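Keep in mind that what you see is a predicted model, and the values were worked out from it rather than measured. Quick note on labels: first sequence line is chain A, next is B, and so on, each numbered from 1.
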Amino acid sequence: MKLIEVKNLEKVYQSGESKTVALDGVSFLVDKGEFIAIMGPSGSGKSTLLQLLGFLDRQTGGSYKFDGKSIEEYSEPELARIRNEKIGFVFQAFNLLARSSVYENVRLPLFYSNVPETAWDSKIKSAIDAVGISHRIVHEPGELSGGEKQRVAIARSFVLDPEMILADEPTGNLDSKNGEMIIKLLDELNRKTGRTIILITHEESLAKYARRLIRMKDGKVESDIRI
Amino acid sequence: MTTRHLIKTALTALKAHKSRSFLTILGIVIGITAIILVMSIGQGAQDLILSQIQGLGSRTIVVIPGREPSGPSDVAQIFSDSLKEKDLALISRKENVPNAEKIMPIVFGGESSAYGNETYRATVLGASADVFDVFDIYPAGGVPFSESDVRGRQAYAVIGSKVKDELFGGSEAIGERIKIKEKNFRVVGVLPKKGQVSFFNFDEIVLVPYTAAQDSLFGIKYFHRFIISADAEKNIARVVEDLQATLRNSHGITDPKKDDFFVQTQEDLAARIGIITNILTLLLVSVAAISLIVGGIGIMNIMLVAVTERTREIGLRKALGAANRDILRQFLLEAVILTGIGGILGILTGALLAFGVSLILSQALGLSWTFSFPISGALIGFLVSGIIGLAFGIYPARKASQKNPIDALRYE
């Protein structure tokens with residue numbers, strides 16, 4: 001069963017007269033449980049691709065099927081539900097809520113879920129435990145190091161057991177040691193629970209952890225190899 | 001997202017920006033404060049005036065010379081001389097007004113009174129001997145003047161406590177002669193401290209037989225008022241009709257529109273004053289309401305800034321599964337909670353200020369002012385502030401909800 005089927009995906013940004021083609025006919029398939037790294041120079045369309053895959057935006061051409069169903073068939077609230085239940089996001093800039101504790105940050109997706117509140121606490125704590133920051137549970141982002149912040153963001157991304165985690169340069173703001181630790185966490189999530197992981201990175205050394213490497217250039221797939 | 005979590009989320013966001021939240025609601029606080037203050041003082045003024053009217057007793061009917069004023073420009077008409085001795089004699093006859101219990105003519109005016117070197121400008125009230133019963137006030141020292149004193153046109157005076165203090169200080173007043181408008185009056189009684197009753201402050205009054213007042217003080221042969229009490233509450237309307245018929249007959253008037261007098265019951269007066277104070281209150285409340293609208297615009301303004309500032313948060317929430325309606329509700333709720341808190345603060349400050357004003361009026365100025373908390377005003381104020389939150393919060397909230405999660409996340 002294919003988790004993702006992308007065919008001739010196009011995304012054109014139009015502002016006034018100027019047109020920017022971010023994706024120019026991208027096609028690939030993703031199985032459940034894959035760990036894919038996407039690489040490419042900036043402006044190659046990799047972030048745009050990730051956003052489309054994560055239902056944060058809609059394509060201007062081509063088709064995108066997730067779990068066998070085309071994105072056009074979903075309404076706005078349904079897309080929000082899929083983002084909540086099936087997809088976890090990890091961002092380069094962490095995007096944690098300031099003035100909220102680690103616990104509260106990891107709890108955030110639960111607010112928008114159907115999970116009964118009685119089950120929240122154990123889910124939150126086991127996610128925080130899994131990324132190894134239980135000792136920081138009451139701290140606010142301002143008191144955490146970059147590596148710790150990204151670990152909180154990862155805990156938040158899988159607290160609802162999503163099918164797929166999308167990570168957009170999660171190590172971009174980290175030193176190499178912390179960066180490697182974050183990738184190892186993602187690798188572990190992939191190996192232990194079979195979650196599909198799609199990772200954007202600039203660093204070849206980190207891309208090696210993936211089992212498949214897609215290189216992009218000028219909005220097109222340049223190469224797609226298994227490693 | 002459940003309502004409880006929605007409220008929690010909104011409260012967390014507001015707590016994160018305490019000082020801005022406070023500044024945001026300041027306009028609402030001030031608006032509601034003004035409304036509560038105005039309503040409370042309006043109610044207090046109405047209560048005060050009504051209690052003074054009721055000091056005369058609910059069975060009291062007043063006949064006033066001149067045409068009934070239909071507007072502010074008619075006030076001058078009151079100073080007419082249509083109530084004469086002949087009218088008093090006619091209405092005093094049992095067969096004309098059978099249900100009248102007491103009939104008291106009065107004349108009054110401000111006159112300077114003097115004793116030795118001391119002078120004091122008092123209200124001189126010329127009345128029949130019934131005045132003591134009608135106003136339920138009797139001399140604490142000395143005696144009241146009698147009906148025969150009135151008939152004998154005796155220059156006797158019963159003086160109020162403040163008049164006594166001003167003219168005599170600590171020394172004895174009874175038996176002394178005071179000069180009112182250069183005429184000698186003998187003090188026969190001193191009233192106890194009583195304050196305002198109906199339209200007279202009895203502490204600052206000099207009571208004299210109306211005959212003496214007419215002759216030697218005012219030089220008039222008419223009366224300023226007839227004060228009549230009906231024998232029973234249910235007969236008030238009859239007494240009014242009888243008075244009107246008798247006086248019209250006496251004045252040769254056939255068309256009631258041409259009356260040169262008018263009859264006022266306490267109920268009329270209360271209703272009339274109620275209308276005036278209500279209109280005044282309404283006027284002031286509507287001025288205060290404008291500040292609420294200004295406050296609402298302030299909220300909208302600051303919410304719009306907040307929406308821009310929190311673009312990244314909105315994007316994040318959407319990425320984590322918030323639907324547009326969740327964001328809309330969150331921001332709307334923040335606005336409503338803000339204005340609701342503003343409303344409560346306004347109600348509290350308004351009530352506190354009104355209480356302060358009532359203390360000043362009752363303690364410092366000696367008015368029998370009672371503080372009243374306008375419950376209906378508080379409810380309306382609370383509701384209105386909530387509605388303002390909704391009305392002025394919807395636009396920023398819509399803007400927030402319609403942000404594209406991608407643009408929102410990219411926003412630096």
Side-chain angles (χ1 to χ4, degrees), chain A residues 11 13 15 22 47-58 74-101 104-117 120 140 153 156-160 162 165-166 168, chain B residues 1-22 305-334 337-338 397-412:
Chain A
K11 178 71 186 178
Y13 292 106
S15 69
S47 281
T48 305
L49 176 64
L50 206 71
Q51 286 153 9
L52 288 177
L53 294 180
F55 299 95
L56 290 173
D57 209 351
R58 287 180 195 262
Y74 296 107
S75 65
E76 185 274 327
E78 281 171 333
L79 290 180
R81 180 132 307 282
I82 292 172
R83 287 197 296 268
N84 181 244
E85 289 174 353
K86 304 215 162 163
I87 298 171
F89 290 95
V90 181
F91 307 93
Q92 180 177 357
F94 318 128
N95 282 325
L96 300 177
L97 291 184
R99 299 193 193 83
S100 298
S101 67
E104 287 163 341
N105 266 292
V106 175
R107 185 181 61 187
L108 197 54
L110 290 156
F111 276 133
Y112 303 104
S113 74
N114 290 328
V115 176
E117 206 177 335
W120 287 17
E140 293 184 1
R156 183 180 64 190
S157 76
F158 70 83
V159 68
L160 278 170
I165 291 176
L166 301 176
D168 191 351
Chain B
M1 200 175 194
T2 64
T3 314
R4 200 166 61 82
H5 292 141
L6 207 60
I7 292 170
K8 214 175 185 174
T9 305
L11 282 177
T12 311
L14 293 177
K15 261 193 248 159
H17 307 98
K18 277 196 202 84
S19 57
R20 183 169 72 190
S21 300
F22 177 72
V305 174
V307 166
T308 309
E309 232 183 60
R310 288 162 66 187
T311 298
R312 186 177 267 281
E313 177 200 328
I314 295 164
L316 173 71
R317 286 179 185 276
K318 284 192 166 182
L320 298 184
N324 290 354
R325 59 163 187 271
D326 293 320
I327 303 292
L328 180 85
R329 282 187 202 145
Q330 181 191 334
F331 277 82
L332 208 50
L333 197 69
E334 283 182 25
I337 289 176
L338 269 181
R398 267 189 73 85
K399 268 197 110 155
S401 74
Q402 281 165 356
K403 278 193 183 290
N404 186 340
I406 274 308
D407 298 337
L409 275 175
R410 253 197 231 124
Y411 180 85
E412 297 291 339

Segment of B:N324 engaging chain A (4.5 angstrom heavy-atom cut-off): both
Main-chain N/O of B:E313 paired to B:K318 side chain as donor or acceptor, under 3.5 Å: no
Contacting moiety of A:E85, where chain B heavy atoms sit under 4.5 Å: neither
Electrostatic pair B:R317-B:D326, nearest N-O below 4.0 angstrom: no
Contact class of A:F94 relative to chain B, heavy atoms under 4.5 angstrom: neither
Part of A:R107 within contact of chain B (heavy atom distance under 4.5 Å): side chain
Contacting region of B:K15 [heavy-atom separation from chain A under 4.5 Å]: neither
Ring pair (Phe, Tyr, Trp, His ring centres under 6.0 Å) partners of A:F111, counting only residues at least two apart: A:W120, B:H5
Any donor-acceptor pair under 3.5 Å from A:N105 side chain to A:S100 backbone: yes
Portion of B:R4 that has a non-hydrogen atom of chain A nearer than 4.5 angstrom: side chain
A:Y74 versus A:R81, side-chain donor and acceptor atoms under 3.5 Å: no
Residue part contacting chain B, namely of A:F91, when any heavy atom lies under 4.5 Å: side chain
Criterion side-chain contact (heavy atoms from CB on, under 4.5 Å) on B:F331 and B:R310, from CA distance to verdict: CA-CA 11 Å; B:F331 277 82; B:R310 288 162 66 187; 3.9 Å; yes
